[in-house]
There are 2 protein chains.
Amino acid sequence: MLTGMASSPASARVPQEERTRAMRARLLEATVDCLVERGFAGTSTTLVSERAGVSRGAQLHHFPTKNALVVAAVEHLTEKRGAELAEAAATLPIGPSHTRAVLQVLGDHFASPVFAAALELWNAARTDPALLAAVAPLEQRVGRETHRLTVELLGIDESVPGNRELVQATLDLVRGLGLANTIGNDARRRGRILDRWAEVLEREIP
Amino acid sequence: MLTGMASSPASARVPQEERTRAMRARLLEATVDCLVERGFAGTSTTLVSERAGVSRGAQLHHFPTKNALVVAAVEHLTEKRGAELAEAAATLPIGPSHTRAVLQVLGDHFASPVFAAALELWNAARTDPALLAAVAPLEQRVGRETHRLTVELLGIDESVPGNRELVQATLDLVRGLGLANTIGNDARRRGRILDRWAEVLEREIP
DNA sequence: CAACAAACAGTCAAGCCTGACTTTTTCTTG
DNA sequence: CAAGAAAAAGTCAGGCTTGACTGTTTGTTG
């Protein structure tokens, strides 16, 4: 390849960092894909490097161990999660079925591959102390953020006793629906349940 | 050991079957324990045989492959599940806090090691077609049974529109709570949420 | 009581995964 | 433009898991 013009040293400094960033991104996305398709145990570092089109040496340069790779993938996933939710929240209709629409966004989110990858990590962390130490605080952070977003979207006053628990229940419900979805995909069932829950929420929260 | 009296051939026929049954039971329980402690990937057939005090040959005699062993463990687990729930349901108080008591039973059940083991299998089956084929129908059966039991315990009339969905939501909620419990054990949070849920249920279901 | 069958026990090679090591390419700096 | 440093690529040995193979004990049957 050409080395470019020597007169502008700043322009030559970019490519290196840019390539590094791109390589990391490719590795992390490949890791997430592997997690979704093959699960944590089925995700070998060799497989990730192959899929990302990155050499094994390069991979080990960025992420010395499998855990380091996966933990970094969690962070990456977190950002993806946040971006997805924020994007979906931005296009919400304001009308009589607002509550239902919010539940749909949440339900879809917890039924997406993103949730599957997170579930893999979550489950793996349950029996792996090192992973747990890295995942637990992150998940807590994400949980709080999701809670905050849900409160905002539903326009709930948390100072009213019981309202906070209702939001938590809603999130745990969609988490449970997401879990059920991983084995037997059943969007119709999910829809009916969320229909009913929207009714309840609107009656409980003035 | 003594061969016993020759006049009663039936008494001598028992020990063999009994030992076989006991050996299978030891293997299955050891498998479940391993699943809970180390997860699906961390459960090696060697480890199971060691923990069960069963030789490797004997193990392979009963269960030729790891999948066969784990699938059998699922069945075993299913019975354990059913027994636990039935037992807990038998000692329920009948009074004003009946709904809350039922939720407590369900919540506790989905926060127990039994759920952890089931979750391991569930998750592993997501990316393992052979395992999925064995687990899916079983889980469906258990799900229906749990639903039936919940309807019975809560004394719900499912012919009323919306009631069925409310029961399903309840089960998905406790599933979500169980999932959250696997990483950050938080019985207090769970209790508050179930308190609130009980309020909702009693108001929604006459 | 002796012979046969089934359950049980132990050993082992093939295959895979992880992470350390060595070489090559690419970018920066004087 | 040349030399040095950093990133990327490729190779490989050690450890672990699985399931096949062979030997031994226990229970049954004539």
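Being a predicted model, the structure only gives us computed values, none of them experimental.
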Q. Going by an N to O cut-off under 4.0 Å, is there a salt bridge joining B/Glu50 and B/Arg56?
A. no
Q.
Can you give me the closest heavy-atom contact between A/Lys66 and A/Phe40, atom names plus distance?
A. NZ-O, 3.1 Å
Q) Got a salt bridge between A/Glu37 and A/Arg51, using NZ or NE/NH1/NH2 to carboxylate O under 4.0 Å? A) yes
Q | Basic-acidic side-chain contact under 4.0 Å: B/Arg148, B/Glu152 | A | yes
Q.
Just by distance, no angles: are the side chains of B/Thr146 and B/Arg81 close enough, under 3.5 Å, to form a donor-acceptor pair?
A. no
**Q.** Integer-rounded Å distance: C/dT26 P and A/Met23 CE
**A.** 12 Å
Q: Keeping the roles fixed (side chain from A/Arg26, backbone from A/Ala52), state whether a donor-acceptor pair exists under 3.5 Å.
A: yes
Q | Separation between OG of B/Ser55 and NE2 of B/His61, rounded to the nearest 0.5 Å | A | 10.5 Å
Q. More than 12 foreign heavy atoms under 6.0 Å from CZ of B/Arg38: is that the case here?
A. no
Q) Does any N or O in the side chain of A/Gln59 come within less than 3.5 Å of the main-chain N or O of A/Thr45, such that one atom is a donor and the other an acceptor? A) yes
Q. Which part of the nucleic acid, if any, lies within contact of B/Thr46, taking any heavy atom under 4.0 Å across all strands shown: a base, the sugar-phosphate backbone alone, or nothing?
A. base
Q) With no hydrogens and no angle check, is any side-chain donor or acceptor of B/Asp172 less than 3.5 Å from a backbone partner on A/Leu173? A) no
Q. Whole Å only: how far is the NZ atom of A/Lys66 from the P atom of C/dC16?
A. 16 Å
Q.
D/dT18, OP1 or OP2 - any side-chain N/O from B/Thr45 closer than 4.0 Å?
A. yes
Q: Specify the closest pair of heavy atoms between B/Ile183 and A/Ala125, including all atoms of both residues, with the distance to one decimal.
A: CD1-CB, 4.4 Å
Q. Where along residues 51-64 of chain B does a heavy atom come under 4.0 Å from DNA chain D, residue by residue in number order?
A. B/Arg56, B/Leu60
What does the list of N/O pairs under 3.5 Å between the protein and nucleotides 22-24 of chain D look like, with a distance for each?
none

Q.
Measure CG/B/Asn67 against P/D/dT17 and give the value in whole Å, please.
A. 17 Å
**Q.** Residue-level proximity of residues 24-34 of chain B to DNA chain D when a heavy atom falls under 4.0 Å
**A.** none
